[in-house]
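Labels below follow one simple rule: chain letters A, B, ... track the order of the sequence lines, proteins then strands, and each chain is numbered from 1.
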Amino acid sequence: MRLSRYFLPTLKETPREAEIVSHRLMLRAGMIRQEAAGIYAWLPLGKRVLDKICQIVREEQNRAGAIEFLMPTLQPADLWIESGRYDDYGQEMLRVEDRHGRPMLYGPTNEEMITSIFRSSVRSYKDLPLNLYHIQWKMRDEVRPRFGTMRSREFLMKDAYSFDIDKDAARRAYYRMFVAYLRTFERMGLKSVPMQADSGPIGGDLSHEFIILADTGESAVFCDKALLDLPVPGEDTDFTGDLADLVAPFTSGYAATEEMHKEETFLAQVPEERRVSARGIEVGHIFYFGTKYSAPMNAVVAGPDGQDVPVHMGSYGIGPTRLAPAIIEASHDENGIIWPESVAPFHIGLINMRPGDEACDAAVADLEAKLEAAGREVLVDDTDTRGGAKFAQMDLIGLPKQVIVGPKGLASGEVEVKDRKTGERTMMTPEAAINALTD
RNA sequence: CGGGGCAUAGCGCAGCCUGGUAGCGCACCUGUUUUGGGAACAGGGGGUCGCAGGUUCAAAUCCUGCUGCCCCGACCA
């Protein structure tokens with residue numbers, strides 16, 4: 001991609017409304033633009049990041065046996081009246097009426113709709129287990145949206161819904177998502193800590209929030225440092241088996257958000273040197289809720305004995321529009337964003353120091369073609385901006401690697417390769433650069 | 001929803017107290033010189049001063065009402 005033909009409205013100065021670093025950097029890097037309180041447009045660079053995040057989420061959901069589909073953003077109110085949540089949800093639910101006067105709503109979540117879809121098509125326990133997910137925009141009309149897309153009113157959410165014949169099968173489904181979540185966040189370069197969450201009226205221990213530690217986190221969290229060092233299950237995990245043994249290490253240590261925190265237990269259970277008291281960002285939430293929706297909405301299947309029983313359900317959420325700022329909170333420096341390779345909008349920033357200079361143009365075009373042929377995504381700065389400004393902008397948008405092509409280097413047949421994270425700069429031949437960048 | 005603040009060019013701001021027909025920096029356009037870590041000079045374009053009323057010969061400025069946005073708290077993926 002050539003910067004001269006791209007749409008990348010970066011800002012030198014920070015818009016006044018942005019308080020936290022990820023919000024400032026997303027605005028400055030031209031990733032997002034605010035359209036109303038808590039409502040954002042995703043500009044091309046931001047859209048690329050969002051797509052990469054969604055793709056990782058998708059791959060790990062699929063790996064864990066979930067099946068992607070898509071439900072609409074607008075839902076008929078009837079379903080919510082049936083579940084009893086239409087009145088409970090209050091003003092956070094954006095309600096609209098269609099031209100026929102039919103009450104509709106912009107979905108804040110989809111339990112009702114998925115239950116309705118399930119019950120109309122699934123009749124037998126033989127069709128279970130089933131886990132369906134989608135990645136769709138949600139709307140929660142919060143009183144005070146803030147922190148950019150970290151807490152927006154309209155947000156993208158991956159929500160998965162599992163259906164099982166009984167509680168034990170539902171637990172296994174829950175563990176599959178548990179492991180999928182650990183893997184998902186790790187692939188984005190995040191250290192996530194599952195923390196037991198309030199499971200509401202259902203009770204039990206099958207509700208976890210996945211928290212990443214960051215100074216700007218919205219809630220205080222407490223955990224055992226040992227949990228931070230646990231290895232995450234690998235790609236070869238067999239999701240068809242019971243994952244209880246894989247999950248156990250993550251649920252055995254102390255980890256709690258402030259709502260669930262019990263100081264006495266924390267002090268008793270965790271040795272002083274391992275006590276972590278920090279702030280966290282919730283990037284995922286999974287829970288088992290039994291027959292909460294299936295019973296009132298009559299989502300039943302015939303069991304082996306031929307008798308209908310309500311299915312046991314769980315739901316599992318990840319917010320990609322929150323993950324983008326969460327990753328930035330975890331990975332930036334004073335110059336801008338530092339994207340982990342896996343979610344970087346482009347892998348390489350290729351800077352032409354002297355556009356119009358024949359040798360520079362040719363070297364850049366050659367590098368661009370070869371890197372792209374090797375599957376690297378390259379953003380070429382071919383603008384006639386001065387060098388300093390190019391460097392600053394490239395650092396701001398945080399591409400993991402930069403290649404700088406200019407007359408000085410080319411005089412000795414070399415280009416400069418720079419690592420965004422370490423700042424390390426190395427002169428090498430274009431061929432060596434291609435090798436170094438296409439491992 | 002309680003408390004506080006802000007609204008003037010794309011972004012950051014001054015002007016308002018003491019009314020007189022709008023300014024600075026960055027960004028943008030033209031030209032020249034430049035060019036390896038946010039260039040210099042010269043010229044230029046862009047604003048119904050959030051909206052609606054009112055006071056006045058005259059309102060960005062004073063008064064009233066509204067709207068939007070931000071921050072702290074409570075609430076929430």
### Query
On a whole-Å scale, what distance lies between the P atoms belonging to B:C63 and B:C16?
14 Å
### Query
More 5' along RNA chain B: A:V283 or A:G409, using each one's nearest nucleotide?
A:G409
### Task
Could you measure between the two C1' atoms, the one in B:G53 and the one in B:C11, and give it in whole Å?
32 Å
### Query
Where the side chain of A:S152 is concerned, which of B:G38, B:A77, B:G36 is the nearest nucleotide?
B:A77
### Message
Using atom C1' in both nucleotides, what's the gap between B:U30 and B:G68 to the nearest angstrom?
### Response
38 Å
### Query
Does a side-chain N-to-carboxylate-O contact under 4.0 Å join A:R183 and A:E186?
no
### Query
Would you say A:F155 stacks on B:A77, if stacking means ring centres under 5.5 Å apart and planes within less than 30 degrees?
yes
### Query
Knowing that exactly one of A:R376, A:R187, A:K401 qualifies, which makes a salt bridge (Lys or Arg N to Asp or Glu O under 4.0 Å) with A:E341?
A:R376
### Donor/acceptor link under 3.5 angstrom from A:E416 side chain onto base of B:G36
yes
### Message
Classify A:R28 by what it touches in the nucleic acid, base, sugar-phosphate, or nothing, heavy-atom distance under 4.0 Å.
### Response
base
### Task
Give A:D384 one of three labels, base, sugar-phosphate or nothing, depending on what nucleic acid heavy atoms sit under 4.0 Å from its own.
nothing
### Query
Charged N to carboxylate O below 4.0 Å: is that the case for A:E377 and A:K52?
yes
### Task
If the plane angle is over 60° it's perpendicular, under 30° parallel, otherwise tilted; pick one for A:H134 and A:Y161.
tilted
### Task
Heavy atoms under 4.0 Å is the rule here; annotate nucleotides 1-14 of chain B 5' to 3' with B where the base is hit, S where only the sugar-phosphate is, and - elsewhere.
B----S----BSS-
### Message
Mind checking if A:A18 touches a base, just sugar-phosphate, or nothing, with heavy atoms under 4.0 Å?
### Response
nothing
## Note on the structure
Taking for A:E154 and for A:A389 the nucleotide of RNA chain B with the nearest heavy atom, the one nearer the 5' end belongs to A:A389
### Query
Could A:K292 and A:E111 be called an ion pair, given the rule that one side-chain N must be under 4.0 Å from one carboxylate O?
no
### Query
NA contact type, A:G406, heavy-atom cut-off 4.0 Å: base, sugar-phosphate, or nothing?
base
### Query
So does A:Q34 get a side-chain nitrogen or oxygen closer than 4.0 Å to the phosphate oxygens (OP1/OP2) of B:C70?
yes
### Query
Using a cut-off of 4.0 Å on non-hydrogen atoms, how would the nucleic acid contact of A:K158 be classed: base, sugar-phosphate, or nothing?
nothing
### Query
Which part of the nucleic acid does A:I404 contact within heavy-atom distance under 4.0 Å: base, sugar-phosphate only, or nothing?
base
### Query
Taking only residues two or more places apart in sequence, or in another chain, which ones meet A:D333 in a salt bridge (charged side-chain N to carboxylate O under 4.0 Å, His left out)?
A:R420
### Query
Mind checking the P distance from B:G50 to B:G10? Whole angstroms is fine.
13 Å
